[in-house]
Amino acid sequence: MATHSKRMKLDEVSSLHNFLQWCDGVGLELNHNKVYVSSEGTVADYGMLAKEDVEEGEVLFTIPRSVLLHQGTSKVSERLEQGKELLESSSGWVPLLLALLYEYTCPESTWAPYLSLWTDFSSLDQPLFWSTEERLSLLRGTGIPKAVERDLANIEREYSTVVLPFISKHADLWNPSTHTLQLYTRLVAFVMAYSFQEPLEEEEDGDDDDEEEEEKAPNLPMMVPMADMLNHVSNHNANLEYTPECLKMVCVRPIRKGQEVFNTYGQMANWQLLHMYGFTEPYPSNCNDTADIPLANLYTAATQGIQSDHDRQLVEEKRALILEMMGEKATIIFGKQGCLTDMELHTTLKGSTVAQSSWGRP
């Protein structure tokens, strides 16, 4: 029997039942013979459990592309397309977030049974919603407090300069008193924790291999009902596959009856998991932790103990050259198997150890 803390409340039972009925109605096919969705016996609010043994290669569920929620499928897609030049931002997420603002607050939304699983998004617990004191005291040395500060500043700037002017011009679809900065922030966290990005297709080698092609931007995030209910472990037993017609969750390792079905969010360090999703996965389950050393820290260490202005200027010139080649936010990253950014490390060492004579100094 489930413990009291894990027993589903009546409203949770109703929301989950409505969601599963909606899945049947929109053609999202769950392999009812092998798996089921529950909040009992799972590691988080919702999850998927094996009803019977599942073998590698078996499809757990299939999602038609029409069920995916993004700016192209939302009821407001035409309005977003017409105003796309006004919705450009550093994150690239504004069109999706505007679609979510509309669909989440529209009772007649096609995705209402799906979105109702996250009542006011109160279950979101990323550091984005912690107090400043909690972040500084509990996460000191992880880099998360600074990352969250940047996130909050970017969200507020994006909302005030891009979102608010747009929704004010389209009062028939959005309302600033309903679609507030607070809700927008919650939806950013929702996208951060639950969205998926389809991998770019690998192009076949052409005849002009010598010509440098412009690197393609990654696909924009989208919400994938059912797939986002699966929890994460590094040693996962299921994986989402993409086809032109649908998305499929496929078993990649045998799953025994009663075991939870786990997807993976990628090979991520624990600070990344905590920042984006609000949880960590202890070692040895997660061996992807890293030590990130920003170039700014190396510069600080290099200038300690310098006595003369001449030596300080030399270090500053070397720093300027390295930053010119690598960028202000360059970081050297070390993982369990060694350095993960060999090029950055080589460039830094070469630039910082170059002979004084090479700089044209006496």
Inset, instruction - Please determine, by modelled atom types, if Ser74 and Glu103 share a side-chain donor-acceptor pair under 3.5 angstrom. - result: yes

Legend entry - Pair Ser15-Asn18, side-chain donor/acceptor within less than 3.5 Å: no

Inset, instruction - Please name the pair of heavy atoms, one in Gly335 and one in Leu340, separated by the smallest distance, quoted to 0.1 Å. - result: N-CG, 3.8 Å

For a quick test of your reading: what N or O donor-acceptor pairs under 3.5 Å do the side chains of residues 220-234 make, sequence neighbours left out?
from: Asp228; atom 1: OD2; to: Tyr114; atom 2: OH; distance (Å): 2.5
from: Asn231; atom 1: ND2; to: Tyr46; atom 2: O; distance (Å): 3.0
from: Asn231; atom 1: ND2; to: Glu260; atom 2: OE2; distance (Å): 2.7
from: His232; atom 1: ND1; to: Tyr265; atom 2: N; distance (Å): 2.9
from: His232; atom 1: NE2; to: Glu281; atom 2: OE1; distance (Å): 3.2
from: Ser234; atom 1: OG; to: Glu281; atom 2: OE1; distance (Å): 3.0

Legend entry - Option from His170, Lys75, His179 for which side chain to side chain contact (heavy atoms under 4.5 Å, CB included) with Tyr102 holds: Lys75

Legend entry - Identified side chain to side chain contact (heavy atoms under 4.5 Å, CB included) partner of Ile332 from the options Asp292, Leu295, Asp342, Thr347: Leu295

Under 3.5 Å: donor-acceptor pair, side chain of [X], backbone of [Y]:
| X | Y | result |
| --- | --- | --- |
| Asn237 | Val261 | no |
| Gln313 | His310 | no |
| Glu156 | Ala153 | no |
| Arg65 | Pro244 | yes |

Inset, instruction - Could you note down all residue pairs passing salt bridge (charged side-chain N to carboxylate O under 4.0 Å, His left out) where residues 162-177 supplies at least one of them, sequence neighbours left out? - result: Arg79-Asp172

Inset, instruction - Kindly state whether the ring of Tyr104 and the ring of Trp111 have centres lying under 6.0 angstrom apart. - result: no

